[in-house]
Every structure is written in C-alpha cells, then in structure tokens.
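Notes follow the structure.
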Amino acid sequence: MKIIYFSWVRERIGINHEIINLPKDINNIEKLLDFLSHKGSGYKDALSNKKVLKFSVNFEFVDITHKIKNDDEIAIFPPVTGG
Amino acid sequence: MKIIYFSWVRERIGINHEIINLPKDINNIEKLLDFLSHKGSGYKDALSNKKVLKFSVNFEFVDITHKIKNDDEIAIFPPVTGG
Amino acid sequence: MVVKVQKEDFDIADELKLLNLKKNNSGGCVIFIGKVREKNNDLIIKSLEIEHYPIMTEKQLETIELEALNKWPINSSLIIHRYGKLFPGDNIVLVMTSSAHRKTSFKATEFIVEKLKTKATFWKLEETLNKKYWLKPEKN
Amino acid sequence: MVVKVQKEDFDIADELKLLNLKKNNSGGCVIFIGKVREKNNDLIIKSLEIEHYPIMTEKQLETIELEALNKWPINSSLIIHRYGKLFPGDNIVLVMTSSAHRKTSFKATEFIVEKLKTKATFWKLEETLNKKYWLKPEKN
C-alpha cells in the first residue's frame with residue numbers, strides 16, 4: 001500500500017510517502033491511523049487528532065470508516081485550503 | 001430649453017435634439033409631451049405612449065410629473081438596454 | 001474607481017494592471033465581460049449599434065460605482081462600456097471589482113452589472129440579415 | 001472545459017482567446033482571479049507556498065467543472081490553479097465560465113470558486129517576516 005502525506009501531516013511524520021504491507025486486520029482508514037501512530041512520535045503527533053484529518057483512497061475523498069486494500073493509494077492530510 | 005431624443009424616439013421624431021422656448025404654462029414633463037405631440041405626426045407617434053417613455057432633466061432620471069424650467073436640458077427616450 | 005465610455009475596444013490585461021491589485025491587498029477580483037452574441041434566438045446577428053447619452057452615461061456609471069463602494073469594502077473598481085457599431089464577438093462592457101475577500105467582489109460586480117441594465121443610458125440597435133430593431137429591456 | 005494545474009503564471013487574455021466566446025455565442029463571461037495578498041490581518045506576507053496532490057487535484061477540478069456544467073447551461077469553462085512558491089500580487093487561481101446569459105455565468109463561476117475551497121487538494125503555507133504557518137480552511 002502506498003500512503004502519501006501532505007501539509008503539516010507530512011511535516012510532522014517527516015516523509016512525504018511510504019510503501020507499507022497492510023496487515024490483514026487493518027481493513028479501514030481508522031485502523032490504519034492507529035497502526036501508523038505506533039510507528040513513532042512524529043506519526044502520533046500527526047495522526048492523533050483524527051477528527052481534523054481528511055483522507056482519500058485512489059484519488060477520491062473518503063471518510064474514516066472507508067474499507068481499504070493493500071493495493072490502494074491512500075492519502076492523509078489536513079482540510080484543503082486552495083482557491 | 002434643449003430637448004434631446006434617443007433610440008426610436010429620435011428616429012420617429014426625425015431629429016436628435018432641438019432648442020425650444022418653453023411656454024409659461026408648460027411646467028412639467030407631462031405637459032411638455034402634450035405640447036410636443038402637437039408639432040407633427042412623428043412627435044405624436046413617438047410620444048403618445050407616455051407609460052413606456054423615460055425622462056431625464058439635467059442628466060438625472062426623473063418621472064413624468066417632474067417640474068421643468070426653460071434653462072433645463074431634457075432628454076426623452078425608451079427604457080435603457082445597456083450592459 | 002474608474003469609468004470609461006468609449007468607442008474603442010478595451011484590453012483586459014491592461015485594465016487589470018491599472019487596478020493595481022497587489023498594492024491594494026486584493027485577494028479576489030471578479031470580472032464580467034459582456035460581448036455581442038452571434039445569434040439572438042435563431043436570428044443571426046450582423047451588427048449591434050449602441051447609442052448613448054454623453055455626460056449622463058458617465059454620471060450614471062459613477063453613481064452606480066459609488067453605490068457599490070458604499071455597500072461593500074471594495075478596493076478598486078472599473079466600468080468600461082463601449083458605444084458605436086459593434087459586431088459578433090466584440091466586447092461591449094467590462095466590469096471589475098477587487099477586494100480582500102472574494103464574496104464581496106462577486107456581489108459588487110454582479111450588482112454593478114445589474115444596475116447598468118436599468119440606469120446607464122445606452123440603447124442597442126440590433127441588425128440581423130433581414131431587419132433592424134431596438135432591443136427591449138429585460139423583464140425581471 | 002479546461003482544467004490546468006501548473007507552476008507557471010497564466011495570461012488572462014490568452015486564456016480568454018481559448019474560450020472562444022464568439023463561436024459559442026456567449027453574451028456573458030464571468031472571471032474570478034485569486035491573488036496572493038500583501039497582508040494577512042496586520043502581518044506582511046513574504047511568500048505563499050502551495051502544495052497539491054497531483055492526479056487527485058486534476059480529478060477533483062474536473063469533477064467540480066462537470067458539476068457546474070450539469071447545473072447550468074454553460075458554453076465554456078476554465079479552471080487554472082497554480083502551485084509552488086508564490087509572492088504577493090502573484091496570481092493563484094483563474095476561473096472563467098461563459099454562457100448566453102450573464103446570471104448563469106455569475107452563478108457558475110461562484111459555484112466553482114466555492115467548491116475549490118473544499119474539494120481541491122491544495123494546501124497553503126504562508127510565510128510572514130517572522131514565521132511560517134499552514135493556512136486553516138475558512139469557516140462558513
């Protein structure tokens with residue numbers, strides 16, 4: 001699974017993307033956040049406030065309960081501020 | 001008094017402006033229209049439908065009851081269609 | 001605050017420069033361009049002749065601009081309206097406003113465009129292949 | 001229907017030509033230009049860095065444009081959004097729609113601009129003289 005980070009999520013985690021092998025029991029975004037949060041303090045800092053985060057799966061916005069598979073491209077980011 | 005005509009009012013009357021000496025008893029726009037209507041069939045044709053006409057006195061929109069003086073510049077025209 | 005009533009065409013990029021959006025801290029600029037159409041219903045338009053009342057037109061446009069400036073915190077504004085004989089695709093009117101926030105500018109530009117339709121002393125004579133007729137005001 | 005996500009600046013006059021307003025019988029065109037401001041409240045802005053999510057951004061902009069086209073009879077539309085490091089006065093975004101009637105175009109352009117704010121994957125890092133901070137979304 002490819003996971004991409006943007007804005008202050010990227011800054012706090014310290015990398016802009018990574019490839020992971022999705023554990024079998026991690027089948028939605030929320031579980032993925034919990035799983036990633038154990039990878040270090042930067043992750044924890046970036047991902048702890050789940051309510052403020054936004055997610056996409058394969059370039060479409062999804063909510064935190066969205067199911068995920070190992071071949072998905074996931075992105076995790078703060079609310080967008082374009083325009 | 002200078003009177004200016006625009007659009008189809010100008011076309012029907014056949015001139016774009018004229019200078020007249022305002023008779024003493026003609027003291028508002030409505031009376032001016034009646035006075036002008038007697039000047040010929042073009043005038044009558046242009047000015048008979050008072051409800052559709054618009055007026056200005058010294059470059060400000062006014063209504064048909066507006067008082068006028070001999071040194072005013074009056075314009076008579078159909079509703080505007082700019083923009 | 002700029003008002004121009006002119007025969008000549010206008011260049012939008014040049015006019016934007018005059019608005020000086022950087023200096024006055026404008027985050028948003030909303031522009032309306034009105035053009036001569038190719039067709040009116042099914043009739044092919046040959047030309048559009050615009051007549052206006054000099055002095056009064058400029059005064060009315062200034063009044064409209066002032067009204068908008070009194071209603072919204074606009075940083076800059078511009079109205080250019082052409083007169084004379086125009087052809088399909090030609091520019092007729094340009095309205096721009098800029099402000100710190102985009103919603104202000106959307107409202108102000110639309111307000112000016114709507115006011116133009118009833119308060120600016122212009123009349124349009126449209127010519128199709130077979131006839132010429134004075135356009136009637138829009139019903140609202 | 002055009003969508004561009006680019007580092008380079010855009011030229012409004014050139015983009016207008018591409019819209020080809022004459023051919024598609026557009027009487028009205030409403031344009032929004034968003035720019036980097038000089039100040040945010042009292043803080044002088046040094047730069048604005050715009051990050052985006054390639055592919056997703058373009059997809060989202062296309063979706064927004066399609067939504068607008070489905071809601072209103074638009075003849076043509078364009079969205080250009082820049083990314084990278086920008087400075088006060090620089091263009092950020094250009095949105096244009098054209099249609100036979102001006103009201104349609106005002107509504108459609110404003111709709112697209114509002115949607116951009118919540119659906120397009122851009123993030124802005126503003127730098128003032130003393131600090132850098134990620135901009136927060138607007139409250140509505």
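In the text below, chain A, chain B and the rest are named by the order of the sequence lines, each starting its count at 1.
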What I'd like to find out is whether the side chain of D:Tyr53 reaches to under 4.5 Å of the side chain of A:Ser56, using heavy atoms alone. yes

Okay, D:Ile92 and chain A: the region with an atom under 4.5 Å from a heavy atom over there is side chain

Assert top hit (heavy-atom pairs under 4.5 Å, partner chain A, pool D:Phe122, D:Trp134, D:Tyr83, D:Phe32) equals D:Trp134

- Query: Would you say A:Lys54 has more than 12 foreign heavy atoms packed within less than 6.0 Å of its NZ?
  - Reply: no

Okay, D:Lys59 and chain A: the region with an atom under 4.5 Å from a heavy atom over there is side chain

Just wondering, are more than 12 heavy atoms of other shown residues or ligands nearer than 6.0 Å to NZ in D:Lys39?
no

Applying a strict 4.5 Å limit to non-hydrogen atoms, the region of D:Glu49 in contact with chain A is neither

Counting only heavy atoms from other residues, nucleotides and ligands, does the tally under 6.0 Å from NZ of A:Lys44 exceed 12? no

Looking only at heavy atoms, the pair that brings A:Val80 and D:Pro137 closest together is O-CB, 3.9 Å

Output for pair (D:Thr63 OG1, A:Phe59 CZ), nearest 0.5 Å, gives 13.0 Å

task = For D:Lys136 and A:Pro79, indicate whether the former's side chain and the latter's backbone hold a donor-acceptor pair under 3.5 Å.
result = no

Going by heavy atoms in the side chains, are D:Thr121 and A:Phe6 under 4.5 Å from each other? no

- If we only count heavy atoms from C-beta on, is the D:Leu125 to A:Trp8 side-chain gap below 4.5 Å? no

Cut-off 4.5 Å, heavy atoms of chain D, and the answer for A:Glu60 is both

